There are 2 protein chains.
Amino acid sequence: MSKLWGNSVKKLDASVVRSLPLFAQMPLSDIQDILDLARPRLVPAGQSVFEEGTEASHFHLLLDGHIRVERLTPDGDRVVSFHIPPGQLFGIAKALGRDVYPATAVAALECLVLVWPMTLWTRFSTEYAGFAQEASRTVGARVTEMHTRVLEMATQHVEQRVAAAILRMMQQNGRPTEDGIEIAFPITRKIVSDMTGSTLFTVSRLLSAWEREGVLVSRRKHIHVHNVAALERLAAGQS
Amino acid sequence: MSKLWGNSVKKLDASVVRSLPLFAQMPLSDIQDILDLARPRLVPAGQSVFEEGTEASHFHLLLDGHIRVERLTPDGDRVVSFHIPPGQLFGIAKALGRDVYPATAVAALECLVLVWPMTLWTRFSTEYAGFAQEASRTVGARVTEMHTRVLEMATQHVEQRVAAAILRMMQQNGRPTEDGIEIAFPITRKIVSDMTGSTLFTVSRLLSAWEREGVLVSRRKHIHVHNVAALERLAAGQS
DNA sequence: CGGGGAATTTGCGCATGAGCAAACTTTGGG
DNA sequence: CCCAAAGTTTGCTCATGCGCAAATTCCCCG
């Protein structure tokens, strides 16, 4: 992870992050200005970056690791909203006109995060080319995904939803291997069920069946998709 | 509806809309400038204002009526995302960084809509005080609602979800009467089922049961809630 | 290298709510 | 005023997938 830190431990290097969409339209000097205002934060696996309902005092950029965004129901059930891959903004309550975080962000594995005080949000949005636009795009992508999930939950069977959830994680957070794609962070059956409005047991049965059919292999906390086409067929309900 | 049109049929009057949150922070002259650029559009009940997937050429403000936002699945099922009450912006794809409409907007009853070319979006966002902020707030409110629905669909029974959907419509789009609150636009059992990921039949049975218990009265396309507390209890799953 | 907790598997029973068919009611247009 | 279409009710059946229990496996950590 040290490669992300440039020459000095203290000073973040603009050249490392300029390939991110967020900085694509900015001159290096602007990027450096932004980075100089950031505080880096290392979050251990399993720890939360911020909690639903607390004051949205900061916004964040994920440099490395994976964030899981979740909400808790009044009676203790957990629902996983989505996963965030490196390079994306998160905890951007201001972009939603809110002043508390709408959900909890948990480090699915050890994460390196840049943190800015939310008071800088308006300034960044107006002063830096493309910042507001990229924030909108990020929000839009998440709204689209939520939309899709509502649609799936309303119209599709559990089997299709679980297949779709795994496909999505594979596409957004997958790591290609010689034999398929593996999901790049620890993922339990419980979490998959919390993503699909299902149960641990049903997900376990589905994954076992798919493993028997050679669609994927799942070790503990780990999913490796071998036959993407078959999984797409399952998600579409064509089998 | 003529009251919304000021003295002349052609010129919209700023004083009529300045009570809307969107214009709250603006001087009258700014409001008038914005209105002068708008084209009014009267949409008959049942007709769509724009369709999912088409180029997002305009953004809209609902002056009167009620908009139903829906999506269609590849295999023809309809899912209703939410309803929009008068005074709100909609079709604001740019606020999501998108260039096609993410959903279809249908007039639940005859609607009066103001329409602006999307090319004005960036200008409005940067030039008029509070415009961008109010747009964010609108997006945020809808994201929050989607979030809540995902959570409900994942963790709650159909009965609770239907109760929650009716409560929401009642709160957001209700009209108080001497004996409770009635939902201010035509609403069929089919639509309620499309909102809750349920079926026409199940919704019919639930409404009948609740009518028997005196919680609400539902005539054809029409729901009138009498006992709000009871409905809240049903939504919470406490009965 | 062994203990213990976390994650997973599997069997069994059953309630929820979907699916279908058919009859009935309301409403608006000609 | 009547007809047709749209909306609604109701009975019946049945599959999905949840709930629980118990056993098993896998890792992590000391």
Side-chain angles (χ1 to χ4, degrees), chain A residues 44-46 73 75-80 108-110 152-163 165-166 183 185-213 216-224 234 237 239, chain B residues 44-46 68 73 75-80 106 108-110 152-166 183 185-212 216-224 234 237 239:
Chain A
T73 66
D75 36 57
D77 291 315
R78 178 179 55 179
V79 172
V80 174
L109 38 77
E110 189 186 52
E152 285 173 359
M153 304 243 285
T155 65
Q156 303 189 331
H157 293 284
V158 169
E159 185 182 36
Q160 297 174 259
R161 300 206 302 266
V162 172
I166 291 175
I183 293 173
F185 50 84
I187 179 83
T188 67
R189 279 128 185 79
K190 178 78 178 78
I191 289 177
V192 175
S193 72
D194 288 340
M195 298 177 65
T196 53
S198 173
T199 63
L200 162 63
F201 312 106
T202 301
V203 171
S204 176
R205 281 180 249 265
L206 287 171
L207 290 186
S208 298
W210 294 339
E211 180 147 1
R212 246 174 277 128
E213 293 161 18
L216 50 75
V217 170
S218 68
R219 304 196 293 286
R220 154 185 270 235
K221 285 187 161 201
H222 199 265
I223 297 177
H224 191 156
L234 286 163
S239 43
Chain B
R68 187 173 60 243
T73 66
D75 36 57
D77 290 315
R78 178 178 56 179
V79 172
V80 174
V106 178
L109 38 76
E110 190 185 51
E152 286 174 358
M153 304 242 287
T155 65
Q156 302 190 331
H157 294 280
V158 168
E159 184 180 38
Q160 297 174 260
R161 300 205 304 265
V162 172
I166 292 176
I183 292 173
F185 51 82
I187 179 83
T188 67
R189 278 130 185 77
K190 179 79 176 74
I191 289 176
V192 175
S193 72
D194 288 340
M195 297 176 65
T196 53
S198 171
T199 63
L200 162 61
F201 313 107
T202 301
V203 171
S204 176
R205 281 181 250 266
L206 287 172
L207 290 186
S208 298
W210 293 341
E211 179 147 1
R212 246 174 275 127
L216 49 75
V217 170
S218 68
R219 303 196 292 286
R220 153 185 270 236
K221 285 187 162 204
H222 199 265
I223 296 177
H224 190 154
L234 286 162
S239 43

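Chain naming here is simple, since letters A, B, ... match the order of the sequence lines and numbering starts at 1 in each. Here the structure is a predicted model, which is why all the values come from computation and not from measurement.
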Working to the nearest 0.5 Å, report the span between [atom1] of [X] and [atom2] of [Y].
X	Y	atom1	atom2	answer
A:Leu109	A:Lys221	CG	NZ	10.0 Å
B:His224	B:Ile183	NE2	CD1	10.0 Å
B:Leu206	B:Phe201	CG	CZ	13.5 Å
B:Ile223	B:Ile166	CD1	CD1	4.5 Å

Side chain of [X], backbone of [Y]: donor and acceptor closer than 3.5 Å?
X	Y	answer
B:Gln160	B:His157	yes
B:Ser208	B:Ser204	yes
A:Ser218	A:His222	no

Return the value, rounded to whole Å, for the distance between atom [atom1] of [X] and atom [atom2] of [N].
X	N	atom1	atom2	value
A:Lys190	D:dC20	NZ	P	13 Å
A:Lys221	D:dT25	NZ	C1'	15 Å
A:Leu206	C:dT8	CG	C1'	14 Å
A:Arg189	D:dC18	CZ	P	16 Å
A:Ile187	C:dA6	CD1	P	18 Å
A:Met153	D:dT16	CE	C1'	16 Å
A:Leu207	C:dT9	CG	P	7 Å
B:Gln160	C:dA15	CD	C1'	15 Å

If the cut-off is 4.0 Å, is [X] near the phosphate of [N], judged by side-chain N/O to OP1 or OP2?
X	N	answer
B:Arg205	D:dG11	no
B:Ser204	D:dT8	no
B:Thr202	C:dG17	no

Practice item. Please tell me which of A:His157 and A:Thr188 maps to the more 5' nucleotide of DNA chain C, matching each residue to the nucleotide holding its nearest heavy atom. Key: A:Thr188

Point to revise | B:Thr155: side-chain hydrogen bond (donor to acceptor under 3.5 Å, both in side chains) partners, not counting sequence neighbours | key: none

Point to revise | A:Lys190: partners by side-chain hydrogen bond (donor to acceptor under 3.5 Å, both in side chains), with sequence neighbours left out | key: A:Asp194

Point to revise | Proximity to DNA chain C (any heavy atom under 4.0 Å), residues of residues 192-200 of chain B only | key: B:Gly197, B:Ser198, B:Thr199

Review point. Given that A:Phe201 and A:Gln156 both sit by DNA chain D, which one's nearest nucleotide is further toward the 5' end?
Key: A:Gln156

Study note, to complete from the structure: Contacts satisfying salt bridge (Lys or Arg N to Asp or Glu O under 4.0 Å) that involve residues 198-213 of chain A (not counting sequence neighbours) are none

Practice item. Spell out yes or no: do the side chain of A:Arg161 and the base of D:dG17 have one donor N/O and one acceptor N/O closer than 3.5 Å? Key: no

Point to revise | Five-pair end axes of the helix from C:dC1-D:dG30 to C:dG30-D:dC1 and the angle they enclose, rounded to 10° | key: 50°

Practice item. Tell me yes or no: between the side chains of A:Thr202 and A:Arg189, is some donor less than 3.5 Å from an acceptor? Key: no

Practice item. Would you mind building the protein contact string for nucleotides 25-30 of chain C? One character per nucleotide, 5' to 3', B for base within reach (heavy atoms under 4.0 Å), S for sugar-phosphate only, - for untouched. Key: -BS---

Check your understanding: Side chains of B:Arg161 and B:Val158: closer than 4.5 Å at any heavy-atom pair?
Key -> yes

